[in-house]
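Take a look at the structure set out below.
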Amino acid sequence: MDILTELNTAQREAVESIQGPVLIIAGPGSGKTRVITHRIAYLIKVVGVSPHRILAVTFTNKAAREMEARLQRLVGGSVGDLTLGTFHAICARILRRDGKAIGVDPRFVIYDDEDQISLVKRSIQDVGVDPKQYAPRAIASAISSAKSRMLAPKDYLSHGRSYFEEVSGRVYERYQQLLTESSALDFDDLLVKVVQLFRSNAEILARYQNRYLHVLVDEFQDTNLVQYELIKQLGGKSRNICVVGDPDQSIYSWRFADLRNILSFEKDYPEAKVVLLEQNYRSTKRILETASRIISANQQRKPKELWTKNETGEPITVVETYTEQEEAQFVVNEIERLVASGEAKRGDCAVMYRTNAQSRVLEEAFIRYGVPYKLVAGTRFYERREVKDIIAYLRCLQNPNDNISLLRIVNVPVRGIGQRTVTELSAWAKSRGVPEYQALQLIAAQPELAGSRVNKALVGFLNLMEELRAKSQELDLVELLDLVVKRTGCQEHIMSQPDGEDRWENVLELRTVAQEYKNLKPPEGLTAFLEGVTLVSDVDELAEKVDAVVLITLHQAKGLEFPVVFIVGMEEGILPHFKSLGDSEQMEEERRLCYVGVTRAQKKVYLVHCFRRSLMGSSKVNKPSRFLADIPSYLIAGGGLWSGEESQVASAAYSWNKAPEAVSVPQATGPELKAGDRVRHPQFGDGVVVSLQPAKDDKEVVAAFNGIGVKKLLLSYARLEKVE
DNA sequence: CGAAAGGCTCTTTTT
DNA sequence: GAGCCTTTCG
């Protein structure tokens, strides 16, 4: 039985225990994904369960895709109609199909974060509260918290203690009304509505319960209460629920993930079998011990004995630099040194950080030295203005009630509909209790209203949308997208902006994505596309092929592994983040985050911090992270240059000064260039030199590349060729 | 109405 | 430092 032969005893037990509930506590690198895939393969191939009757929930779409690929290899062919995806994707599917039973419009659109904030703002206004007094973000979070506990506005209000909760409750109420009017669901609704659906409709619930004989959940430590309830409902009949998680890797409490779900599971399923996976296959002994030392300082945890047969490996490298620019430079130099010495490929290396803002300086360094990198997120693709605008058009075509999208595009590109007009339109629509789109139709239908100059512009917009809407029923997605772009004049509008070409590139990229949906029948293609673009995450997009360094947040890094890991910003206030300094529970989560980072590494770990860092404009001196102090000196390269509390500028500067020696010392070698010269770059292609400036021992070249934009490069590193 | 400039605030992590 | 909002001017 080849499915079982490659597994250790504990893994095998986890795979074979297919009767009844199973809780798998899986340490980092313990073969968790392998257990899940093998378990599914075992069910299908050995036990003979139809894939149709298996439900597997993952944390990201990427994890789902990877799992599918692995399964296909194991099963040897297609896995049939196995249900596999994130909670959100699976719920969206259920609601499209069965949501009608609780009044969910099957054409619903899904509101992402940004839309949600816009809607909260409107709700705050409608309720008559000053949005300056109550940050929309804070209220949105309160609403999300309420939904995560399945509290309806009324319940939330009756629980309310503080004035803030009172206000949030009222906003929540209005917010929910507006969502319903817009035929829109936010991320939380996707889950909550399915739970409601199952609660209120025994027949539908029974259909799903009877179908799913086996339910598997990955990253169980990051599920919230609604998700827990959902699992309970779906697996309610068979009770063959298998959850896999690691409390030490729980890093999403701010998204209302609740660690207590693991405890509840043991309580709700007393017959559950508990399997511990403690053997690590990923990291060296030193890395594993470093990680264990860091995590064991947490009070609220069950101790775990992780072990590995892997080699001892190299010591951990702790480095202090002076500024964040030098930090970035150190990382780039060190990676290039590893590449030059053959110790690693660029694609083996990942640089991890606590906040997205930290990626900028890193990115600049990678560009200057001409080292290929992949940035996961940044400004996320689907959140870019121009992309979101096009998506907003498409959403309105699918669902004209989608007010947030409508208001977003009503004057983009500008068509003479100003702020005042929009406000009046909204007020008018509200007074009549109809969505804005219907208000437009009412205005158009009454000549005495439609006559004024302003209203003509509105009617013009309506006619455009009506025309596009008619076409959306016949054209395939790409044709539709092209038509939208053409009829709205988006291209000219975008190109006229600064960075216009880059932005236009993004639209073309969106078009490429659309091509995947080209073959679906007209309305379905649109629906599937819109759902896809809202529910993807950035990690999902991480392409494997290119040999480039990965820049990624610690959160996104969960579930991934790399031979070489750099964690930068190992400073008090960064990691741990200053928001968590006063709260011991949050501090424990920061520690887990650090633990997640370290345990991503297979061979080498660098922990980098800097002496001073500019934050929001001004420069600040940061103490080294307290987590560094938990690593015993015998695990650290240089036998403990690092000694705890006090900042070691001198000694660390020593290690910093040493590093670049191994790299070729930068000299201003390279072609003689002057402004206006044509050049070629291995990555960026052809371009023109804009300016040249001396920089230390080098020259900084500013060049504009065709279709790429302006880049700053260092002459000696950039491998620029002069083109005659 | 719309572009541009100035002033304000708030900075975590994301399906 | 950026993004958002308000104000001002054409």
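Owing to the predicted nature of the structure, the values given are computational and were not obtained by experimental measurement. Convention: sequence-line order gives letters A, B, ...; per-chain numbering from 1.
Less than 4.0 Å separates DNA chain B from at least one heavy atom of each of the following residues of residues 82-90 of chain A: A/T86, A/H88.
Heavy atoms of A/F59 sit under 4.0 angstrom from primed sugar atoms or phosphate atoms, though from no base atom. In this structure, A/R360 reaches the sugar-phosphate backbone alone: every heavy-atom distance under 4.0 Å involves primed, P, OP1 or OP2 atoms, never a base.
Atom CG of A/L615 and atom P of B/dC10 are 17 Å apart (whole Å). Between the CG atom of A/D115 and the P atom of B/dT14 there is a distance of 18 Å, rounded to whole Å.
Classification of the A/Y228-A/F220 ring pair by plane angle, with boundaries at 30° and 60°, yields tilted. Taking the six-membered ring where tryptophan is involved, the planes of A/Y322 and A/F611 are essentially parallel, since the angle between them stays under 30° and well short of 60°.
Distance noted for atom P between C/dC4 and B/dT13: 15 Å (whole Å).
Between the side chain of A/N61 and the main chain of A/L535, a donor-acceptor pair closer than 3.5 Å is present.
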With both pairing distances under 3.5 angstrom for Watson-Crick or G-U wobble, and | for a partner in another strand, the correct string for DNA chain B is ||||||||||.....
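Between A/V361 and the options A/E326, A/Q329, A/E324, A/E327, a side-chain contact (heavy atoms from CB on, under 4.5 Å) holds for only A/E324.
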I'd like to compare against my own output: the B/S/- annotation of nucleotides 1-8 of chain B with a strict under-4.0 Å heavy-atom distance to protein. SSS-----
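The pair A/K62-A/E66 counts as a salt bridge, with a side-chain nitrogen and a carboxylate oxygen less than 4.0 angstrom apart.
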